Chemist: 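Shown below is the structure under consideration.
Note that the structure is predicted; figures quoted are calculated from it, not measured.
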Amino acid sequence: QVQLLESGGGLVQAGGSLRLSCVASESIGSIGTMGWYRQAPGKQRELVASMSRPGNTNYADSVKGRFTISRDNAKRAAYLQMNSLKPEDTAVYFCKANPLFRATTNYWGQGTQVTVSS
């Protein structure tokens with residue numbers, strides 16, 4: 001039933017680090033792009049980072065130099081290393097995946113909470 005499963009969220013102090021993980025079910029098939037989005041209370045969901053199958057990356061300006069996305073295609077997994085966390089990074093973080101041959105179809109995880117205290 002669960003097609004994308006996130007883990008690794010939690011409560012950290014400002015300046016701390018967290019590493020998020022996302023594993024995709026085989027039911028999705030071959031995956032093209034995987035990425036991370038976040039949604040803070042009262043705000044729109046925004047792209048944090050994404051990585052294509054060939055390895056091209058895209059980052060929000062607000063996280064460049066602090067966050068790093070990586071993938072393990074054999075494990076059908078994506079990771080987000082978050083360093084130098086700030087209170088404004090507090091949000092629910094969602095994993096997204098797009099099938100290689102159905103690229104316009106979006107698969108979403110249920111989200112993992114990241115809270116950064118000042």
Chemist: Does Gln110 have more than 12 heavy atoms from other residues, nucleotides or ligands lying within 6.0 Å of its CD?
Modeler: no
Chemist: Show, in sequence, the C-alpha distance, side-chain angles and deciding distance for Tyr79 and Val23, and conclude whether the side-chain contact (heavy atoms from CB on, under 4.5 Å) test is met.
Modeler: CA-CA 9 Å; Tyr79 309 95; Val23 178; 5.9 Å; no
Chemist: Please check: side-chain N/O of Arg66 versus main-chain N/O of Ser62, any donor-acceptor pairing under 3.5 Å?
Modeler: yes
Chemist: Is any side-chain heavy atom of Val92 less than 4.5 Å from a side-chain heavy atom of Val114?
Modeler: no
Chemist: Please work out which of the three classes, parallel, tilted or perpendicular, describes the rings of Phe67 and Tyr93, given edges at 30° and 60°.
Modeler: tilted
Chemist: Should Leu47 and Asn58 be marked as a side-chain contact (heavy atoms from CB on, under 4.5 Å) after you check the CA-CA gap, both sets of side-chain angles, and the distance that decides it?
Modeler: CA-CA 9 Å; Leu47 173 71; Asn58 188 30; 3.3 Å; yes
Chemist: Within this structure, what is the CD-OG1 distance for the pair Gln81 and Thr68, rounded to the nearest 0.5 Å?
Modeler: 7.0 Å
Chemist: Does the side chain of Gln3 reach to within under 4.5 Å of the side chain of Trp108, using non-hydrogen atoms?
Modeler: no
Chemist: If we only count heavy atoms from C-beta on, is the Tyr37 to Gln44 side-chain gap below 4.5 Å?
Modeler: no
Chemist: Check Pro87 against Ser118 and note the closest heavy-atom contact, atom names and distance.
Modeler: CG-CB, 3.9 Å
Chemist: When you measure from the side chain of Arg71 to the backbone of Met51, do you find a donor-acceptor pair of N or O atoms at a distance under 3.5 Å?
Modeler: yes
Chemist: When you measure from the side chain of Asn98 to the backbone N and O of Gly32, does any donor-acceptor pair fall under 3.5 Å?
Modeler: no
Chemist: Using the side-chain contact (heavy atoms from CB on, under 4.5 Å) rule, take Leu11 and Val116 through it: C-alpha gap first, then chi angles, then the decisive distance, then the call.
Modeler: CA-CA 6 Å; Leu11 174 64; Val116 185; over 6 Å; no
Chemist: Would Phe94 and Arg38 satisfy side-chain contact (heavy atoms from CB on, under 4.5 Å), going step by step from the backbone distance to the final call?
Modeler: CA-CA 6 Å; Phe94 298 89; Arg38 68 187 181 188; over 6 Å; no
Chemist: Under 4.5 Å between any side-chain heavy atoms of Leu20 and Trp36, yes or no?
Modeler: yes
Chemist: Is a side-chain donor or acceptor of Arg76 paired with a backbone partner of Gly29 at a separation under 3.5 angstrom?
Modeler: yes
Chemist: Using a strict cut-off of less than 4.0 Å between a Lys/Arg side-chain nitrogen and an Asp/Glu carboxylate oxygen, indicate whether Lys64 and Asp61 qualify as a salt bridge.
Modeler: yes
Chemist: Which atom pair, heavy atoms only, marks the closest approach of Ala40 to Ala91?
Modeler: N-CB, 3.8 Å
Chemist: Is there a chain of hydrophobic side chains (I, L, V, M, F, W, Y, each step under 4.5 Å between heavy atoms) that links Met34 to Ile69?
Modeler: no
Chemist: Looking at Arg53 and Ile31, would you say the former's side chain and the latter's main chain have a donor-acceptor pair under 3.5 Å?
Modeler: yes
Chemist: Without swapping roles, check the side chain of Tyr107 against the backbone of Pro99 for a donor-acceptor pair under 3.5 Å.
Modeler: no
Chemist: So, Glu6 side chain and Gly111 main chain: donor-acceptor pair closer than 3.5 Å or not?
Modeler: yes
Chemist: Nearest 0.5 Å, please: how far is CG in Leu80 from OG1 in Thr112?
Modeler: 11.0 Å
Chemist: Which distance, rounded to the nearest 0.5 Å, do you find between the CD of Glu88 and the NZ of Lys43?
Modeler: 11.5 Å
Chemist: Looking at OG1 of Thr115 and CG of Leu18, how far apart are the two atoms once the value is rounded to the nearest 0.5 Å?
Modeler: 9.5 Å
